[in-house]
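Here the structure comes first, spelled out in structure tokens, and everything after it is commentary.
Order of the sequence lines sets the chain letters (A, B, ...), proteins ahead of strands, with each chain counted from 1.
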Amino acid sequence: MKALSSASGPVAFDTETTGLDPQSAELVGIGLALQEGEAYYLPVGHADGPNLDPDRVRSALRPFFADPKSRLAAQNAKYDWHVLHRFGIPVRDVAEDTMVAAYLADPDRPKNLDALAATRLGIEKIPTESLIGARGREQKSMAALPVERVGVYCCEDADVVLRLVPILEKELRAVEGLALYREVEVPLVGVLVRMERAGVKIDTAALEGMSRSLGDAMSRLDHEIQEAAGVPFNVKSTRQVAEVLFERLKLPKGKRTKDGYSTDEEVLETLAPLHPIPRLLLDYRQAQKLKSAYVDALPKLVHPETGRVHATFHQTIASTGRLSASDPSLQNIPIRSEEGRAIRRAFVAEGAKGLLASFDYSQIELRLLAHFSHDPVLSEAFRVGGDVHTATAARLFGVAPDAVTPAQRGQAKTVNFGILYGMGAARLARELSLSRSLASAFIDEYKKTHAGVAAYMAEMLARARERGYAETMLHRRRPLPGLRDSHEGRRAEAERAAINTPIQGSAADLIKVAMVKIDALVTERGLRSRLILQVHDELLFETDEDEIESLATLVIEAMEHALPLRVPLVVHRGRGKNWDEAHA
DNA sequence: ACTTTCACG
DNA sequence: ACGTACGTGAAAGTT
């Protein structure tokens, strides 16, 4: 182990474990690669041994993993970081993550280690399946295999990682992505580890109550629907629902799906005035969604040891640079409907003194649009500080802001969002229930009153076409080969992505910078408060009465000044015993 | 494994 | 006449 501390270059590490979830999987062995072609395997958890004494492994490795001068490298370091931490080897920080690097080189290309080995090194790695079989119920555990076989496999992984580091670094330099990688994405790995480890407390008793009442509502609605239909059918089956609505009841068919007719919310909403069943179906679907996706799902994810829910945040999934979350998907917890907000109230702070504090960016994407486009109208709206949708409506309808009606504001809001997504007249017409030509006139009027925005979008598209990729504030790139596709539909799709990605992706850049800064400041000041969730434009902290004000000062400052913009960034804050209360 | 639907920003 | 608004994750039915 002497060699470890004297290693000057990066040291790649890899863990083999008993499962896929790093918060419950147990360590089987550790692989370390100090130079190419040379790697070591430390077995600690093989059922039949021989294993090294875990305590000796801990004492031998702790100094190295705790040393800020160590340059640790791994594929998806977040996973190994969790496992080692739980094993008793705290990780100070990592310097390289090949999965993150590959994601920045091209977010849409495969970035699992086998793929990276094949595309960057021309190496065909030992297939994982050859050791533990295909994933599924019959998959074996690494712990059940001989040390020799797992060791070779693990060493190969570590070796491949070590070889990939300089290659990916070169790729990142070539795409101007090195600063984003080193200053934002790699530091973020540790932030995400700490968020995942913290988890969030759930009021399971409240959810159990909701489960019963939702279940009752569902059986009642199911009964009413079957009664009204006059034939028994599975209300959960879209195919059978379509048959009942469009063949038996002869209701007007709307949009098509791949095979058959759609029964989605929009269709059911238009059919609701014609027959009682569509409304009942809508109610049934809402109850079913809330019950299965949240109320019944969340308690199953409570960790037996911590009593909290520890989601996984994915740093290399979203093409735009956003984070995603799974198990559970914490970024789509209901808020829009009152029924759904009850679920948010089950996300609570720990202990009697505990508080949740939420901070969210106000209109971050439209502010970024104002920043990028220099559009005077949009920029002025943000500098003045009023409601942006009202300001847009005032321009669009040629009235004073105080004269804007709620309906006009709603239409302007739809237009504003539509602009961010590259919406066409057809969709706007549908959204606003206008004729297509009127919708088209709307868009023309917007482009006239917001000439800077129109010019910016045209410029953005032209640049993306020329370069073949869209780019964010921090030079995050998203290659868009679809821009040159001969298929018109796919080309149009890529064009909309070219318009939206710089906005959505720059918003992701901003909040990631803020997260890294906040994490460092919270540690530096020795605060107890913990960042527990990120929902694209919102950060949720668990804190307490004594600390919340100093936390808020620090967080708001970091978020509002994460990166300099030509328009002010505004953060709203809220606090409470649960997430619904805390949401600003 | 794929499709449809729907929860969120 | 194109039903062409961006990005996700999960459950359930269907194949």
Side-chain angles (χ1 to χ4, degrees), chain A residues 107-108 136 233-242 254-268 281-282 284-298 300-301 311-314 317-337 339-341 343-344 360-366 369 414-432 436 439 443 470 478 480 482 487-505 507-508 511 533-538 583:
Chain A
D108 294 323
F233 70 104
N234 184 355
V235 177
K236 291 192 177 100
S237 162
T238 51
R239 171 179 289 198
Q240 293 179 44
V241 166
K255 56 189 170 185
R256 295 214 50 138
T257 61
K258 200 161 179 290
D259 42 31
Y261 290 92
S262 173
T263 68
D264 72 8
E265 186 172 355
E266 189 194 339
V267 170
L268 293 178
L281 276 169
L282 285 166
Y284 180 88
R285 290 235 181 112
Q286 188 195 35
Q288 130 110 8
K289 183 80 176 181
L290 295 178
K291 185 169 188 294
S292 68
Y294 306 104
V295 174
D296 292 345
L298 287 170
K300 292 181 194 155
L301 292 164
T312 302
F313 288 92
H314 303 275
I317 297 283
S319 308
T320 54
R322 275 187 175 181
L323 295 176
S324 80
S326 70
D327 309 288
S329 170
L330 285 175
Q331 296 174 318
N332 64 0
I333 301 301
I335 191 167
R336 294 173 188 171
S337 73
E339 295 89 333
R341 286 168 70 137
I343 291 162
R344 231 161 235 251
D360 69 270
Y361 281 115
S362 157
Q363 306 294 355
I364 189 167
E365 295 194 345
L366 287 171
L369 180 61
T414 301
V415 171
N416 274 333
F417 279 105
I419 292 293
L420 292 173
Y421 301 151
M423 178 168 55
R427 176 68 187 257
L428 185 63
R430 187 151 51 96
E431 289 286 325
L432 298 181
R436 178 117 177 225
I443 292 176
R478 177 184 183 184
L480 291 166
H487 186 283
E488 186 185 329
R490 280 193 285 273
R491 215 164 49 237
E493 206 174 301
E495 286 167 359
R496 293 191 300 274
I499 288 169
N500 179 259
T501 296
I503 307 275
Q504 190 182 121
I511 198 162
L533 296 183
Q534 187 254 42
V535 193
H536 310 310
D537 63 357
E538 171 187 10
H583 194 272

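Whole-Å rounding puts the Leu282(A) CG to dC6(B) P distance at 7 Å. Between Arg344(A) atom CZ and dA7(B) atom P the separation is 13 Å, expressed in whole Å. If you measure from atom CG of Leu323(A) to atom P of dG7(C), you get 17 Å, rounded to the nearest angstrom. To the nearest angstrom, P of dA7(B) lies 15 Å from CG of Leu298(A).
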Dot-bracket for DNA chain C, 5' to 3', Watson-Crick and G-U pairs with both distances under 3.5 Å, [ ] for crossing pairs, | for partner on another strand, reads .....|||||||||.
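Across the C1' atoms, dC6(B) and dA1(C) are found 28 Å apart, a figure rounded to whole Å.
When distances run from any side-chain atom of His536(A) to the nucleotides dA7(B), dG9(B), dG9(C), the shortest one goes to dG9(B). When the nucleotides dT5(B), dA5(C), dT14(C) are ranked by their closest atom to the side chain of Gln240(A), dT14(C) comes out on top. Set against dC8(B), dC6(B), dA10(C), the side chain of Pro334(A) has dC8(B) as its closest nucleotide. Counting only heavy atoms from C-beta on, His314(A) has its side chain closest to dG9(C) among dG9(C), dA5(C), dT15(C). Closest to the Met423(A) side chain, of the nucleotides dG9(C), dA5(C), dG9(B), is dA5(C).
Look at Arg239(A) and you'll find a side-chain N or O under 4.0 angstrom from OP1 or OP2 of dT15(C). Distances shorter than 4.0 Å separate none of the side-chain N or O atoms of Ser324(A) from OP1 or OP2 on dG7(C). For Ser237(A), a side-chain nitrogen or oxygen approaches OP1 or OP2 of dT14(C) to under 4.0 Å.
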Under 3.5 Å between N/O atoms: give me all the protein pairs with nucleotides 1-3 of chain B, atom names plus distance.
none

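At distances below 3.5 Å, at least one donor-acceptor pair connects side-chain atoms of Arg344(A) with backbone N or O atoms of Pro334(A).
Legend: residues meeting side-chain contact (heavy atoms from CB on, under 4.5 Å) with Ile443(A), ordered by chain and number and at least two apart, are Ala425(A), Leu428(A), Lys447(A).
The nearest pair of heavy atoms linking His536(A) to Leu323(A) is CE1-O, 3.5 Å.
Note on Ala507(A): nothing from the nucleic acid sits closer than 4.0 angstrom, heavy atoms only.
Within 3.5 Å, a donor on the side chain of Arg336(A) pairs with an acceptor on the base of dG9(B), or the reverse. No hydrogens or angles were tested; on distance alone, nothing pairs the side chain of Arg256(A) with the base of dG3(C) as donor and acceptor under 3.5 Å.
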